[in-house]
Amino acid sequence: MKIFNDFSLKHYNTFGLNYNCAAFIEVEFAEEIYSINKMFELSETEHLIIGQGSNILFTKDFDGIVIHPTFNNFSMKSQDNNFLYLEVEAGKNWDELVRYSVGKNLGGIENLVSIPGLAGAAPIQNIGAYGQEIKDVIEFVHFFDFNDNIFKVFHNRQCRFDYRNSIFKQELKNKIFITSIEIKLKKNPTPVIDYGNVKDELFKSGIKNPSVNDVCNIIANIRENKLPSPKEIGNAGSFFKNPIVSNSKFEELKKSYPDIPFFEVGENQIKIPAAWLIEKSGFKGKVKGNVGTYHKQPLVIVNFGNASGNEILDFANEIKTKIFVEFGIELESEVNIL
Ligand code: EPU
């Protein structure tokens, strides 16, 4: 392990904000977390686990310990006729894992290409895009429990996955450190192409029976065209979750906005794209000082260079207020605010 004091987090948050933490610990082997917990009693000490910081907004220095996993091996655990089972360590770059699995023509995570972050963070908010979610491939999540001071394993069902949610964001928040995930990938994949314009883009490229590689490439292109790369412009992807409302609330909105887009969630609820609400309320491409919504996808709030965390937060709150006033819907941030 490596320990640094009074460390800048500028390169550990995709908004590119220059806040410091009191101490930064690079964990080079999963087992080290046991002695780190002995040393710092993490259940009692303010701490934060950061992969690439692609879902976090700092508004001030962090007066605690930041723990960053760098161990990133992965190996095949087993296979049967249909699936190959991989165990992937927390520090593995998510996109590299997707590209590896696509390269082997394995299916299940190809639509999750180009999502920034590390494999260990992926189950926490159940990352999802273009019709796939990590919950559909997760078998087990291995983690260390700071309170009980032991390594534990949860089966998929115990993780209580939901839309951008899991037990790791709720009851177990700040109590555990994910060390690896086990995923199952399909040997005979059936591409998922029904979301948004994936089918159209495949058609335009003249692809009739797409392979996982084709779908992965098309989605990588769609994302590249629509979402800003955090390497070029600071952002944390979708800033808000897509709100879920009751059928009756939806019917009421539909009277005023007959063109409102929606996705059904179960029988009684409707998910409304926050991007649409933001666009309708006049915030698409709006810039205020160093902050703005991205002109091609207003759900993404960007830092044009020198914004402070509070400037970004104030701008996000302005959007929230406007949408509450206009639609009676309370947006919830997807990004963790600190
Ligand atoms: N829309 C607009 N105006 C816009 C853009 C979108 O009205 O400028 C409306 C359209 O009706 C469109 C709908 O919003 O059909 C959905 O847009 P999009 O397909 O771009 O997806 P999203 O709901 O905005 C979600 C995820 C993204 C993920 C995409 C693709 C959330 C919070 N976000 O965005 O995830 O990549 O779907 O599956 O669920 C992330 O979590 O950081 C992220 C980028």
Side-chain angles (χ1 to χ4, degrees), residues 13-15 51-57 94-95 98 109-118 121-136 161-166 169 191-201 215-216 218-230 233-245 250 253-254 257-265 269-286 292-302 316 319-320 323 326-327 329 331-337:
N13 73 98
T14 55
F15 272 117
Q52 290 181 334
S54 55
N55 205 38
I56 202 163
L57 172 64
W94 175 260
D95 187 53
V98 172
I109 55 173
E110 62 279 7
N111 295 24
L112 306 180
V113 65
S114 305
I115 296 184
L118 304 183
I124 297 175
Q125 64 149 338
N126 178 25
I127 58 167
Y130 300 95
Q132 283 182 342
E133 280 180 306
I134 195 176
K135 77 170 171 54
D136 299 325
F161 289 122
D162 201 349
Y163 167 60
R164 293 295 191 276
N165 209 352
S166 77
K169 256 182 97 169
V192 177
I193 57 172
D194 289 331
Y195 186 96
N197 55 345
V198 176
K199 224 183 245 168
D200 292 348
E201 292 297 320
V215 178
C216 175
I218 288 285
I219 291 177
N221 279 337
I222 296 175
R223 287 185 70 108
E224 207 178 311
N225 286 325
K226 201 162 64 176
L227 299 171
S229 161
I233 178 162
N235 77 89
S238 301
F239 196 92
F240 300 104
K241 290 189 200 175
N242 287 326
I244 295 172
V245 301
F250 178 69
L253 286 166
K254 214 170 167 194
Y257 307 96
D259 63 336
I260 188 167
F262 65 96
F263 306 96
E264 278 169 20
V265 182
Q269 292 183 308
I270 306 278
K271 196 193 271 179
I272 299 173
W276 182 86
L277 297 167
I278 297 171
E279 179 167 354
K280 270 278 172 210
S281 56
F283 271 93
K284 182 166 177 168
K286 186 163 173 179
T293 56
Y294 194 56
H295 62 290
K296 294 185 190 169
Q297 169 48 291
L299 191 48
V300 180
I301 297 184
V302 298
I319 296 177
K320 265 178 94 159
I323 283 175
E326 211 146 301
F327 301 95
I329 292 179
L331 287 185
E332 208 185 306
S333 53
E334 201 220 270
V335 168
N336 298 304
I337 297 159

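Each ligand, and each atom within it, is numbered from 1 in the order the structure gives. In this text the structure is predicted, and so the values were computed from the model without any measurement.
- Nearest protein neighbour of atom 7 (O) of ligand 1, counting heavy atoms only, is Trp276 CA, 3.2 Å.
- Residues Val335 and Ile301 fail the side-chain proximity criterion, which asks for heavy atoms closer than 4.5 Å.
- Atom numbering of ligand 1 starts at 1 in the shown order; those under 4.0 Å from a heavy atom of Arg223 are 36 (O).
- Counting atoms of ligand 1 from 1 in the listed order, those under 4.0 Å from a heavy atom of Leu299 are 24 (O).
- The contact set between ligand 1 and Tyr163, taken as ligand atoms under 4.0 Å from a residue heavy atom, comprises 31 (C), 32 (C), 39 (O).
- Looking from atom 44 (C) of ligand 1 to the surrounding protein, the closest heavy atom is Ser238 OG, 3.2 Å.
- Heavy-atom proximity to Phe240, at under 4.0 Å, picks out these atoms of ligand 1: 32 (C).
- Using a 4.0 Å cut-off between heavy atoms, Lys284 contacts ligand 1 through its side chain alone, with no backbone atom that close.
- One finds the CD1 atom of Ile193 at 11.0 Å from the CD atom of Glu110 (value rounded to the nearest 0.5 Å).
- Protein heavy atom closest to atom 17 (O) of ligand 1, with residue, atom name and distance, is Gln297 NE2, 4.1 Å.
- In this structure Lys199 satisfies the salt bridge (Lys or Arg N to Asp or Glu O under 4.0 Å) test together with Asp194, sequence neighbours excluded.
- Here is the list of ligand 1 atoms found below 4.0 Å of a heavy atom in Glu334: 32 (C), 40 (C), 41 (O), 42 (O).
- Distance check on atom 12 (C) of ligand 1: every protein heavy atom falls at or beyond the 4.0 Å cut-off.
- A donor-acceptor pair under 3.5 Å is absent between the side-chain atoms of Glu334 and the main chain of Lys241, judged by distance alone.
- Side-chain contact check for Asp136 versus Phe161: every heavy-atom pair is 4.5 Å or farther apart.
- Salt-bridge check for Asp259 with Lys280: passed, with a basic side-chain N closer than 4.0 Å to an acidic carboxylate O.
- Between Ile219 and Glu201, the closest side-chain pair of non-hydrogen atoms is not below 4.5 Å.
- Remark: minimum distance from atom 35 (O) of ligand 1 to any protein heavy atom is reached at Arg164 NH2, 3.0 Å.
- The line from CZ of Arg164 to CG of Asn126 is 7.5 Å long, rounded to the nearest 0.5 Å.
- Counting only heavy atoms of the protein, atom 3 (N) of ligand 1 lies nearest to Glu279 OE1, 2.6 Å.
- The protein does not reach atom 15 (O) of ligand 1 closely, with no heavy atom under 4.0 angstrom from it.
- Atom 6 (C) of ligand 1 has as its closest protein heavy atom Ala275 CB, 3.5 Å.
- Counting heavy atoms from C-beta on, the side chains of Pro243 and Leu277 come closer than 4.5 Å.
- The proximity of Pro261 to ligand 1, defined as any non-hydrogen pair under 4.0 Å, is limited to the side chain.
- The protein non-hydrogen atom at the shortest distance from atom 38 (O) of ligand 1 is Tyr130 N, 2.6 Å.
- Trp94 contributes a side-chain N or O that, together with a main-chain N or O of Leu112, makes up a donor-acceptor pair within less than 3.5 Å.
- Counting protein heavy atoms only, atom 18 (P) of ligand 1 is closest to Tyr195 OH, 3.7 Å.
- Of the possible donor and acceptor atoms, one in the side chain of Asn242 sits under 3.5 Å from a partner among the backbone N and O of Ala274.
- Within the 4.0 Å heavy-atom shell around ligand 1 one finds Pro298.
- Not close to ligand 1: Gln125, with no non-hydrogen atom less than 4.0 angstrom away.
- Near Gly237, the atoms of ligand 1 lying under 4.0 angstrom from a non-hydrogen atom of the residue are 42 (O).
- No side-chain heavy atom of Tyr130 sits under 4.5 Å from any side-chain heavy atom of Val192.
- Evaluation of the side-chain contact (heavy atoms from CB on, under 4.5 Å) rule for Val245 yields Lys249, Phe250, Ile270, Ile272, Ile329 as partners, not counting sequence neighbours.
- For Lys226, the heavy-atom gap to ligand 1 drops under 4.0 angstrom.
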